[in-house]
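Residue numbers start from 1 in every chain, and the chains themselves are labelled A, B, ... in the order their sequence lines are given, proteins ahead of strands.
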Amino acid sequence: MTDERPHGGIRLGLCCQFIDAPVRFRQATHRHVASLAPEQGRAYLASIARANAIALAHAVEVCSALGIGAFRIPSQLLPLATHPVSGYRLAELPGGHVIIASFQAAGRVAAARDVRLSFHPDQFVVLNSEREPVVTAAVRELDAMAEIAELVGAQALTVHAGSAAGGVPAALERLEHGLDRLGRGARALVALENDDRLFSVSDLLPLCERLRVPLVYDAHHHRCHPDGLSVAHATALAAATWGDREPWAHLSSPRDGWGSANPRPHADYIDPADIPDAWLDRRMTVDVEAKAKERAVLATGQAVRERRAAAAACGRGAAG
DNA sequence: GCATGTCAAGTTGTG
DNA sequence: CACAACTTGACATGC
């Protein structure tokens, strides 16, 4: 059979940053913005947004050139956009419409090069917090992210289930209510990821299936926080939650090895042994969460090709 | 200049 | 009960 992808069905993705390629996203702190006169503050934020739109287009081009088929956009793409004081909407910034056009242009590059984009908001976004203001802020953040996701054509907003206070069942019920509060855009793009301490694949699957929220399967988290499902089974069940869309998964290796006291921190590279066999013939996107960034993605691609070649030689000769 | 500390945000688990 | 982990550049401060 013919397969256009270099690593079988697997599309490998890079997370947020480059180590070699000169692509850098800018950030901002509220403290600094607040020290400026309002007009200067907005000009400063606009310059960062403009720079980050261009950086995103560059990031996509570099990924494409390297054969990397997905890119996780830094959650600080628009720094402070949802901050209670410094917050802003793109259209209100000086030159805002040019910046918007710039993000749309980056999205067209991604579409043309077939680089899949996603967001992964950081730990402050807790849709199922017991504290109302936290949930409000989480909804606000995800709605804002959905807006920019729409501009650039990003296909997923991946979040963890959040707090486990009160026990997993109660926490999942709160999560369901939190999901209900998302705007249409965010609700259509949100996906849930199993984490390494609190919510396993089997904890999340029923909710994902019932609410039609895709499950991003993180194999490293699953191995840190197992639930009785095999990696192969979890892969298949999670993939089914994506329906017609290409399933998304995350992969990393433990920095200090699986035998260490704490296997959670990520290593520079993916240990080829950590690439699940069950993934080798699947059509799926795999974000490589490794400190060596694009070097690690390229090395993982090489490892996947070798594993596939070995499997083919060992199995049915030169079958595809 | 250069090294070092701080920065919007939450939750959990350790010391 | 306080604080580190999660994680990262940019800015401010102090030498």
Side-chain angles (χ1 to χ4, degrees), chain A residues 14-37 40-41 43-52 55-56 59 72-88 119-145 157-168 170-172 174-175 178 192-200 203 218 220-221 224-225 250 252-256 260-268 287-294 296:
Chain A
L14 172 70
C15 297
C16 305
Q17 298 182 327
F18 295 81
I19 186 170
D20 294 317
V23 177
R24 298 289 179 267
F25 290 88
R26 294 180 58 195
Q27 299 183 14
T29 61
H30 166 63
R31 174 198 277 254
H32 178 62
V33 172
S35 77
L36 304 172
Q40 274 72 36
Y44 175 74
L45 291 166
S47 75
I48 291 178
R50 197 161 50 236
N52 284 355
L56 179 59
R72 180 185 300 173
I73 300 172
S75 54
Q76 296 300 315
L77 184 70
L78 296 177
L80 302 172
T82 60
H83 187 278
V85 176
S86 295
Y88 56 90
F119 283 91
H120 195 21
D122 35 26
Q123 66 267 36
F124 310 111
V125 173
V126 183
L127 266 180
N128 72 345
S129 172
E130 292 184 301
R131 298 158 56 202
E132 169 56 28
V134 174
V135 179
T136 304
V139 169
R140 178 173 150 87
E141 182 70 30
L142 286 167
D143 284 345
M145 220 170 243
L157 308 180
T158 306
V159 296
H160 291 291
S163 163
V168 166
L172 289 174
R174 290 199 304 274
L175 176 60
L192 288 168
E193 176 188 350
N194 61 301
D195 65 65
D196 54 8
R197 291 169 182 265
L198 305 171
F199 296 91
S200 65
D203 288 332
D218 188 310
H220 184 214
H221 290 166
C224 289
H225 183 53
H250 295 172
S252 41
S253 285
R255 182 188 63 199
D256 305 317
S260 69
N262 179 9
R264 289 189 297 271
H266 294 173
D268 290 348
D287 283 350
V288 173
E289 298 180 331
K291 305 276 185 199
K293 297 298 165 187
E294 75 270 31

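Each of A:His30, A:His32, A:Arg31 was evaluated against A:Ser86; a single residue qualifies, A:His30, per the side chain to side chain donor-acceptor pair (under 3.5 Å) test. Each of A:His220, A:Arg264, A:Lys291 was checked for a side chain to side chain donor-acceptor pair (under 3.5 Å) with A:Ser252, and the lone residue meeting it is A:His220.
Contact check for A:Phe18 versus A:Arg24: side-chain heavy atoms found under the 4.5 Å cut-off. In this structure the side chain of A:Cys15 reaches within 4.5 angstrom of the side chain of A:Lys293, judged on heavy atoms.
Stem list for DNA chain C (at least 3 consecutive Watson-Crick or G-U pairs, distances under 3.5 Å): B:1-7 with C:9-15, B:10-15 with C:1-6.
Between A:Phe124 and B:dG10, no base-stacking contact is recorded for ring centres under 5.5 Å apart and planes less than 30° from parallel.
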Start with the C-alpha gap between A:Thr158 and A:Asp287, add the side-chain angles, then the distance that decides, and say whether side chain to side chain contact (heavy atoms under 4.5 Å, CB included) holds.
CA-CA 12 Å; A:Thr158 306; A:Asp287 283 350; over 6 Å; no
ring-ring contact (aromatic ring centres under 6.0 Å, His included) assessment of A:His160 paired with A:His221
CA-CA 11 Å; A:His160 291 291; A:His221 290 166; 5.7 Å; yes
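Looking at which nucleotide of DNA chain C each of A:Tyr44 and A:His266 is closest to, the 5′-most match is held by A:His266.
Atoms CD1 and CG, from A:Ile48 and A:Leu78 in turn, are 10.0 Å apart once rounded to the nearest 0.5 Å. Rounded to the nearest 0.5 angstrom, A:Leu56 CG and A:Ile73 CD1 are separated by 5.0 Å.
Between the side chain of A:Asn52 and the backbone N or O of A:Leu77 there is at least one donor-acceptor pair closer than 3.5 Å. In this structure a side-chain-to-backbone donor-acceptor pair under 3.5 Å is present from A:Glu294 to A:Asp20. Side-chain atoms of A:Arg174 come within 3.5 Å of backbone atoms of A:Asn128 as a donor-acceptor pair (strictly under, hydrogens ignored).
Across all non-hydrogen atoms, the minimal contact from A:Ala296 to A:Ala290 is CB-CB, 3.6 Å.
Taking every side-chain heavy atom of A:Gln123 into account, B:dG10 is the closest of B:dA8, B:dG10, C:dA12. Taking every side-chain heavy atom of A:Val126 into account, B:dT11 is the closest of C:dA12, B:dA8, B:dT11. Taking every side-chain heavy atom of A:Asn262 into account, C:dC6 is the closest of C:dC6, C:dA10, B:dT11. Closest to the side chain of A:Gln17, out of C:dG9, C:dA10, C:dC6, is C:dG9.
Contacts of A:Gln76 with the nucleic acid, taken as non-hydrogen atoms under 4.0 Å apart, include base atoms. Residue contacts for A:Ser86: at a heavy-atom cut-off of 4.0 Å it reaches no nucleic acid atom on any strand shown. Within the nucleic acid shown, A:His83 comes within 4.0 Å of at least one base atom, counting heavy atoms only. Looking at heavy-atom distances under 4.0 Å, A:Ser129 makes contact with sugar-phosphate atoms alone, never a base.
Counting to the nearest Å, the P atom of B:dA9 and the CD atom of A:Glu141 are 13 Å from each other. Distance A:Leu142 CG to B:dA9 P: 18 Å, rounded to the nearest Å. Residue A:Arg264 contributes atom CZ, which lies 10 Å from atom C1' of C:dC6 at whole-angstrom precision. The CD-P distance, from A:Gln27 to B:dA9, rounds to 15 Å in whole Å. A:Asp195 has its CG atom 14 Å from the C1' atom of B:dG10, to the nearest Å. The NE2 atom of A:His160 sits 12 Å away from the C1' atom of B:dT11 (whole-angstrom rounding). The NZ atom of A:Lys291 sits 11 Å away from the P atom of C:dG9 (whole-angstrom rounding). Straight-line distance from the CZ atom of A:Arg24 to the P atom of C:dA10: 9 Å, rounded to whole Å.
A distance of about 13 Å separates the P atoms of C:dT13 and B:dA8, rounded to the whole Å. Across the P atoms, C:dC3 and B:dT6 are found 12 Å apart, a figure rounded to whole Å. Straight-line distance between the P atoms of B:dG5 and C:dA5: roughly 15 Å, to the nearest whole Å.
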For nucleotides 1-6 of chain B, 5' to 3', base contacts (B), sugar-phosphate-only contacts (S) and non-contacts (-) with protein non-hydrogen atoms under 4.0 Å give -----S
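The shortest distance between the side-chain N/O atoms of A:His32 and the OP1/OP2 oxygens of B:dC7 is not below 4.0 Å.
When only modelled atom types and interatomic distance are considered, A:Thr82 and A:Glu141 share a side-chain donor-acceptor pair under 3.5 Å.
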Between the protein and nucleotides 12-15 of chain B, list the N/O to N/O atom pairs that are separated by less than 3.5 angstrom.
unit_1 : atom_1 : unit_2   : atom_2 : d
B:dT12 : OP1    : A:Ser163 : OG     : 3.1
B:dT12 : OP1    : A:Ala164 : N      : 2.7
B:dT12 : OP1    : A:Ala165 : N      : 3.2

